[in-house]
Amino acid sequence: MNLLYLNTHDIGRYLNIYGYDVETPNLNQLAKDGMLLRNMHCASPTCSPSRAVLLTGQYPHNNGLTGLAHRGFDITDKKTHLAAFLRQQGYETVLAGVQHEIRTRSESELGYEKVLNGEAYYQKGIRQEEFLTMQDEMATEAAVVYLQSRKTTDRPFYLAVGYGCTHREYPDLPQEYNCSYIMPPKGVPDQAGSRQDMARLKIALERMDRYCGKIIETLKAIGEYENTVIVFTTDHGLPIPKAKCTLYDDGTGVAMIIKAPGITKPCQSSDALLSQIDFYPTLCEILSLPQPEWLQGVSFLPVLNQTSSEVRNEIYGEINYHIACEPVRSVRTSRYKYIRHYLAEYPYQIPCHIDDSEPKEIFHQAGIFEQKLPMEELYDLVGDPQERNNLAECPEYQKQKNEMQNLLLDWQVKTGDPLLETGTVCLPAGAIASTPDSYSTKTQVILPECRQYLGALKEVLQNNIKG
């Protein structure tokens, strides 16, 4: 079977199929043709690390991509990437659009045999929102042309199509757009600015859905829809406070749809607790391929073919770098979530190294970022699904806390987590990071961060010249 991997930025589960008021008819239909996974989580809720977990089957501190690829972080062994593996197995590996696992224009190093992004794809001479839309349109058209040009005798394909329009900055609203009837996501104050922000995201999501629909319709037109495994997912939660870049469910919870001919049945969903690290071994079973020895997840094929309702009891999460070094670890079961922070002097309760936005500004103006962060957090996910009531210091929950601590420690030992030895994750050579207290808002000058960034960049360039 062929494999089509559709992915987009920063949407969590903010889709119609998860109950939100967004017009996404193509993804709705894909979910009806396959299985909707309602309790899927990423293993590291920042852009590059999350994608690398999915596509290498290893945790960030094992695959090496502990921070953002465009800031100099990298996968240690490129042969572990899904594209490289599938190419070895005889697949034609093709990329159209976004990837965020390696620096831009180095996609072939990941194992992609064909990169459909033309020269114009990389030329940015317009503002961010228009550029992302233009890129997505080009990626969609390139994918459609590729599929239409295929012959029946060609090798099976692995086509990865990545979209960026759901990343900030979101599209502008039409003048006649009325935001009065928009509900912001849970955890965000219902104010005019946050309603407008979500309205702009809705436009981006509906646009992304149309792009996915064009590719799916092309598959049907060439007669390959019933011979293609289709996966749709995203990297992490929404880019708002207490979501992206946090290990709360709003940060790790992601959408995932899988249609696997002969395995999934139409109109099915699952509440199984799953991690994106489980995708790679699952795919190997779906495609009847050998599982590489480096995989750290477990196959959830029994969930897809409905021979079992669960395949694991707990999932693990980590944060190392987004803008700054913010080492955090977590373990989640169906009932409890335990989060352990390792940066004792972290200055804020809610990490604010996310994209500037109206919701972030609302939190900033209210002084929320000035509150200190607890080192340990424990939540009862049944009684407190929004993870607001920290039980870590409550005597009556010490038994549950100890059990969760032991689960996390066992995982850290098993995976060789560097935090156990050093209490931090070292910055790789050539990578760039800011200090934890350097963050930007629309009302704050960011020159200190710029100076540090440029200073680090200068050092990198000088080292490269010497080398």
**OP:** Taking atom types as modelled, find out whether Thr166 and Thr8 have a side-chain donor-acceptor pair closer than 3.5 angstrom.
**Re:** yes
Original post:
To the nearest 0.5 Å, what is the distance between OG1 (Thr66) and CG (Asn320)?
Top reply: 5.0 Å
Subject >> Charged tip of Lys220 within 45° of Tyr225 ring normal and under 6.0 Å >> reply: yes
Original post:
Would the Trp411 and His61 ring centres measure less than 6.0 Å apart?
Top reply: yes
**OP:** Test Thr252 against every option in His236, His41, Arg332, Gln276 by the side chain to side chain donor-acceptor pair (under 3.5 Å) rule and name the one that passes.
**Re:** His41
**OP:** Test Glu376 against His341 for side-chain hydrogen bond (donor to acceptor under 3.5 Å, both in side chains), laying out the working first.
**Re:** CA-CA 6 Å; Glu376 293 182 293; His341 299 266; over 6 Å; no
Subject >> Pairing of Glu141 and Lys214 as salt bridge, 4.0 angstrom limit >> reply: no
Original post:
Taking the six-membered ring where the residue is Trp, are the ring centres of Tyr20 and Tyr14 under 6.0 Å apart?
Top reply: yes
Original post:
Do you see a donor-acceptor pair shorter than 3.5 Å between the side chains of Asn178 and Arg195?
Top reply: no
Original post:
Any cation-pi pair here, Arg340 with Tyr342, using under 6.0 Å and within 45°?
Top reply: yes
Original post:
Going by distance alone, is a donor N or O of one side chain under 3.5 Å from an acceptor N or O of the other, for Asp384 and Asn389?
Top reply: no
Subject >> Contact summary for Leu159 and Ala143, nearest pair of heavy atoms >> reply: CD2-CB, 4.2 Å
Original post:
With sequence neighbours left out, what residues match Glu206 under side-chain contact (heavy atoms from CB on, under 4.5 Å)?
Top reply: Val22, Glu23, Lys202, Arg210
Original post:
Can we say Arg207 and Asp136 salt-bridge, meaning some charged N sits less than 4.0 Å from an Asp/Glu carboxylate O?
Top reply: no
Original post:
With ring centroids as reference points, do Phe157 and Tyr91 lie under 6.0 angstrom apart?
Top reply: no
**OP:** Look up atom CG in Asp417 and atom OH in Tyr59, then write down how far apart they are to the nearest 0.5 Å.
**Re:** 11.0 Å
Original post:
Taking Asp10 for the side chain and Pro239 for the main chain, is one N or O donor matched with an acceptor at less than 3.5 Å?
Top reply: no
Subject >> OH (Tyr181) with more than 12 external heavy atoms under 6.0 Å >> reply: no
**OP:** Measure centre to centre between the rings of Tyr321 and Phe73, then say whether the value is under 6.0 Å.
**Re:** yes
Subject >> N/O donor-acceptor pair under 3.5 Å between Asp154 side chain and Lys151 backbone >> reply: yes
Subject >> Heavy-atom check, side chain of Asn117 versus side chain of Met138, under 4.5 Å >> reply: no
Subject >> Under 3.5 Å side-chain donor-acceptor pair for Glu285 and Ser299 >> reply: yes
**OP:** Rounded to the nearest 0.5 Å, what's the gap from CZ on Phe279 to CE on Met40? Could you check?
**Re:** 9.0 Å
**OP:** Rounded to the nearest 0.5 Å, what's the gap from CZ on Phe363 to OG on Ser357? Could you check?
**Re:** 9.5 Å
Original post:
Taking all non-hydrogen atoms of both residues, which atom of Ile182 and which atom of Ala199 are closest, and how far apart?
Top reply: CG1-CB, 4.1 Å
Original post:
Between NZ of Lys242 and OH of Tyr248, what distance do you get to the nearest 0.5 Å?
Top reply: 4.0 Å
Original post:
Between Phe85 and Tyr280, does the ring centre distance come in under 6.0 Å?
Top reply: yes
Original post:
Among Lys337, Arg335, Lys401, which one satisfies salt bridge (Lys or Arg N to Asp or Glu O under 4.0 Å) with Asp380?
Top reply: Arg335
Subject >> Check: Thr333 side chain, Tyr336 main-chain N or O, donor-acceptor pair, under 3.5 Å >> reply: yes
**OP:** Indicate the atoms forming the closest heavy-atom contact of His9 with Gly164, along with that distance.
**Re:** CD2-CA, 3.8 Å
**OP:** Please assess Leu3 against Thr228 for the test side chain to side chain contact (heavy atoms under 4.5 Å, CB included), listing each intermediate value before the final yes or no.
**Re:** CA-CA 5 Å; Leu3 173 62; Thr228 302; 5.8 Å; no
Original post:
Can you find a heavy atom in the side chain of Leu304 that is under 4.5 Å from one in the side chain of Ile286?
Top reply: yes
Subject >> Residue that, paired with Asp235, satisfies side chain to side chain donor-acceptor pair (under 3.5 Å) out of His167, Lys244, His100, Arg51 >> reply: Arg51
Original post:
Below 4.0 angstrom, N of the basic side chain to O of the carboxylate: do Glu358 and Arg200 qualify?
Top reply: no
Original post:
Between Glu377 and Tyr379, is any side-chain donor less than 3.5 angstrom from a side-chain acceptor?
Top reply: yes
Original post:
Can you check salt bridge (charged side-chain N to carboxylate O under 4.0 Å, His left out) on Glu101 and Lys78, steps first, answer last?
Top reply: CA-CA 10 Å; Glu101 304 93 69; Lys78 309 296 191 304; over 6 Å; no
**OP:** Could you give me the CA-CA distance, side-chain angles and deciding distance for Tyr338 and Leu408, then say whether side chain to side chain contact (heavy atoms under 4.5 Å, CB included) is met?
**Re:** CA-CA 8 Å; Tyr338 173 75; Leu408 184 61; 3.8 Å; yes
Original post:
Under 4.5 Å between any side-chain heavy atoms of Val53 and Gln296, yes or no?
Top reply: no
Subject >> Steps toward side chain to side chain contact (heavy atoms under 4.5 Å, CB included) verdict (Phe232, Leu30) >> reply: CA-CA 9 Å; Phe232 171 84; Leu30 180 63; 4.2 Å; yes
Original post:
Going from OG on Ser334 to CG on Asn313, what distance comes out if it is rounded to the nearest 0.5 angstrom?
Top reply: 8.0 Å
**OP:** Using the side chain to side chain contact (heavy atoms under 4.5 Å, CB included) rule, take Leu6 and Val231 through it: C-alpha gap first, then chi angles, then the decisive distance, then the call.
**Re:** CA-CA 6 Å; Leu6 301 168; Val231 179; over 6 Å; no
Original post:
Do the side-chain N and O atoms of Thr24 and Asn28 include a donor-acceptor pair separated by under 3.5 angstrom?
Top reply: yes
